Amino acid sequence: MLGQMQSQPLLISSLIDHAERHHGEGEIVSRRVEGDIHRSNWREVARRSRQVANALDGLGLPMGDRVATLAWNGYRHLELYFGVSGTGRVLHTLNPRLHPDQLVWIVNHAEDRALCFDMSFLPLVKAVAARCPTVKHWVALCDAAALPADSGIPGLLSYEAWIGAQPDTCTWPTFDENSASSMCYTSGTTGNPKAALYSHRSTLLHAFGAALPDAMSLSARDSVLPVVPMFHVNAWGIPYSAAATGCKLVFPGPALDGKSVYELIEAEKVSMAAGVPTVWQMLLGHLQAGGLKFSTLKRTVIGGSACPPAMINAFNDQYGVEVLHAWGMTEMSPLGTVCTLKNAQLSLPADERLKVRLKQGRAIFGVDMKIVDEAGEELPWDGKSYGDLLVRGPWIIASYFKGEGGDPLRDGWFPTGDVATIDADGFMQITDRSKDVIKSGGEWISSIDVENIAMAHPAVAMAACVGMRHPKWDERPIVVVVKKPGAEVTREELLAFYEGKIAKWQVPDDVVFVEAIPLGATGKMQKMTLRQQLQDYVLPGV
Ligand code: AMP
């Protein structure tokens with residue numbers, strides 16, 4: 001017997017319709033490339049996203065065509081999120097931090113038909129345009145007056161003139177909820193990048209899941225600052241969850257330094273902010289240097305890389321801000337787990353609570369996970385056994401765009417490439433990327449553990465632990481360290497700092513001080529590049 005409820009496809013257009021109707025006055029505040037603060041609201045975003053829809057129709061782009069963006073977090077980018085996907089076209093967010101050659105490769109692979117870019121990326125666009133033959137329409141996200149006369153890009157449109165000429169009414173088309181809505185290329189640390197192609201259905205289900213109280217806990221009472229870029233897995237899906245809940249959105253634009261982010265948090269009464277650890281490092285540095293406090297910030301979602309304990313403590317103890325450690329990946333839309341305590345853990349002593357908070361957290365409903373050994377056998381949830389982490393669920397990838405890389409699934413599960421433990425309460429903890437795991441004398445050493453201890457030293461700004469070939473132990477860990485400006489620590493002092501914190505055999509064999517650790521386009525440490533830089537390095541005593 002079938003249920004007798006209405007059957008409506010889950011479409012992204014319904015999100016913006018809802019936000020307009022029920023949260024029209026909800027604010028959308030953006031620091032613009034132009035330098036000023038721009039104020040809009042959900043009603044205005046909805047109105048202008050319909051103008052985008054009409055403008056795209058005017059270009060004659062059929063459903064399924066890719067419309068790329070090269071843009072910071074801001075209201076125009078938000079309008080494109082809804083205008084492009086709402087009409088059945090596919091929003092392709094490009095990462096401007098990629099090398100131009102890589103961008104060209106991605107644009108051609110995606111066969112983007114239009115590309116909308118912030119004016120700060122004009123030089124980049126000029127450098128790549130001639131090598132992107134599929135792109136027929138170039139749109140600069142500015143008003144007509146800001147458009148350079150001699151851009152060198154044929155037919156360059158100004159976004160404001162382009163959409164301004166359009167009516168602000170339209171009827172969003174209805175189509176299969178499994179249609180593609182947006183796409184995002186993975187960082188591609190091995191081989192060419194591959195794209196995750198999200199659907200309307202996966203995006204809406206993720207929007208529900210991500211907004212849950214034990215996930216990002218978004219509501220109409222929140223003022224949310226996504227520092228995580230809209231070109232990195234759709235800003236962790238926040239734009240969609242925000243439209244569903246009607247929260248205020250505050251966009252930082254290109255200004256991600258500690259001072260700018262702090263000023264925005266205070267001025268816009270931000271209650272929740274989301275980003276990768278490197279951004280929060282800059283923010284905490286600014287607070288500490290100026291003896292500043294937050295007056296409204298309640299929680300930060302931190303993910304993308306492991307959040308060091310020193311950061312959790314600083315936010316919690318010094319600033320009264322709860323850290324929600326989260327884990328996910330491009331292939332997972334991205335949210336998989338968030339670390340929020342269960343009732344029984346609230347009464348644990350502070351150091352025990354911190355141990356739980358350091359974990360990447362519990363699966364949100366919609367994500368199923370398990371850990372397996374090398375033979376694919378499931379491992380127990382005892383908090384000690386570690387193995388390959390596999391996931392499945394309606395917002396997790398089934399195959400890459402154009403079938404690149406073949407079938408990624410193992411018996412219906414997606415192998416994340418992460419190595420993890422899961423405890424009896426269901427809290428998952430990443431010990432490593434499988435390719436970064438250090439094997440010493442047959443035992444695994446977690447590079448994240450080694451890094452976290454170094455990061456807790458007051459003189460350390462950033463630390464990366466990598467394995468070095470060793471004739472007896474196979475591999476031994478070393479820690480590569482960037483010191484904080486003006487701070488001092490010696491190799492011996494740092495190695496002594498490990499005493500009593502981890503087993504003796506897990507303590508790194510050496511400390512290498514460097515000016516900078518290579519970071520990828522999404523702010524993650526590039527250990528492959530680091531290992532290449534260290535190719536002439538020899539372990540002490542070898
Ligand atoms: P990306 O697809 O670029 O977002 O990268 C996803 C990968 O980032 C994951 O597979 C993890 O290796 C890593 N990652 C994401 N969040 C965390 C976290 N909270 N702790 C440790 N690693 C993380």
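This is a predicted model, so every value here is computed, not measured. Whatever order the structure lists ligands and atoms in, that order sets their numbers, starting from 1.
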Only one of T416, T337, D418 passes side-chain hydrogen bond (donor to acceptor under 3.5 Å, both in side chains) with W327; say which it is.
D418
What is the minimum heavy-atom distance between A243 and F82, and which atoms define it?
CB-CZ, 3.9 Å
For the pair F294 and F315, name the ring-plane relationship: parallel under 30°, tilted 30 to 60°, perpendicular over 60°.
parallel
Can you check whether G303 has an N/O within less than 3.5 Å of an N/O in ligand 1?
no
Pairwise side-chain hydrogen bond (donor to acceptor under 3.5 Å, both in side chains) hits with a residue in residues 505-518, at least two apart:
R476-D509, R491-D510, D510-Y537
Would [X] count as a contact residue for ligand 1, given that I'm defining contact as a non-hydrogen atom of the residue lying under 4.0 Å from a ligand atom?
X    : value
D418 : yes
G304 : yes
A326 : yes
G520 : no
H232 : yes

Counting heavy atoms only, which of S305, G328, A196, A420 is nearest atom 18 (C) of ligand 1?
S305
One residue to check: Q360. Relative to ligand 1, which of side chain, backbone, both or neither has a non-hydrogen atom less than 4.0 Å away?
side chain
Are there over 12 heavy-atom neighbours, none belonging to W413, within less than 6.0 Å of that residue's CH2?
yes
Does a side chain donor of either S399 or D407 reach within less than 3.5 Å of an acceptor in the other side chain?
no
Under a plain distance cut-off of 3.5 Å, with no hydrogens placed, do T69 and H92 share a side-chain donor-acceptor pair?
no
Please identify which atoms of ligand 1 are closer than 4.0 Å to at least one heavy atom of [X].
X    : result
T330 : 1 (P), 2 (O), 3 (O), 4 (O)
W327 : 9 (C), 11 (C), 14 (N), 15 (C), 16 (N), 17 (C), 23 (C)
R433 : 9 (C), 10 (O), 12 (O)

Tell me the salt bridge (charged side-chain N to carboxylate O under 4.0 Å, His left out) pairs involving residues 223-232, sequence neighbours left out?
none
